Amino acid sequence: MNIKPLADRVVIKMLEAEETTKSGIVLPGTAKEKPQVAEVIAVGPGTKDVKMEVKVGDKVLISKYAGTEVKLDGNEYTIVKQNDILAIVE
C-alpha cells in the first residue's frame, strides 16, 4: 500500500538514533531523544501558494514535535507539512 500525501504535506520515515554516544556510552531506551533527521518517502503536489522544495529520497531535519505518526504495513511514518521541515541535509 502506498501513501500519497495531499497539498503541502510530506511523508517521512525517521532515521534510527544512535544508541551510543561519541564517547562510547550506551544509552538506554528511555534516555534517547527522538531523532530529528528523517528521509522523505513521498511528497504532495503543493498548493498554488506553496511550491514543494523537497523531493523523495532527501534527508531532512524536522521540528522536534512536528507531524502525525502513522503505522502502515508494519512501518512507522510521520506526515508533516512542508513548513515543519527546517532543512535538507546534504
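If you're wondering where the values come from, they're calculated on a predicted model, not measured in any experiment.
The distance from the CD1 atom of I41 to the CD1 atom of I79 is 11.5 Å, given to the nearest 0.5 Å. A distance of 12.0 Å separates CG in L6 from OG1 in T47, rounded to the nearest 0.5 Å.
A donor-acceptor pair under 3.5 Å links the side-chain atoms of Q36 to the main chain of I62, judged by distance alone. A donor-acceptor contact shorter than 3.5 Å is absent between the side chain of S63 and the backbone of A66.
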Working note: V60 + V40, criterion side-chain contact (heavy atoms from CB on, under 4.5 Å); need CA distance, chi angles, decisive distance, verdict. CA-CA 7 Å; V60 295; V40 176; 3.9 Å; yes
What pairs of donor and acceptor atoms, side-chain ones from residues 7-15 against any protein atom, are under 3.5 angstrom apart with sequence neighbours left out?
none

For a quick test of your reading: what N or O donor-acceptor pairs under 3.5 Å do the side chains of residues 83-90 make, sequence neighbours left out?
none

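Between P5 and P45, the shortest heavy-atom contact is O-CD, 3.7 Å. Nearest heavy atom pair, residue I3 against residue Y77, reads CD1-CD1, 3.9 Å. Shortest non-hydrogen contact noted between E53 and Q82 is N-OE1, 2.7 Å. Considering every non-hydrogen atom in both E76 and K71, the closest pair reads CG-CG, 4.2 Å.
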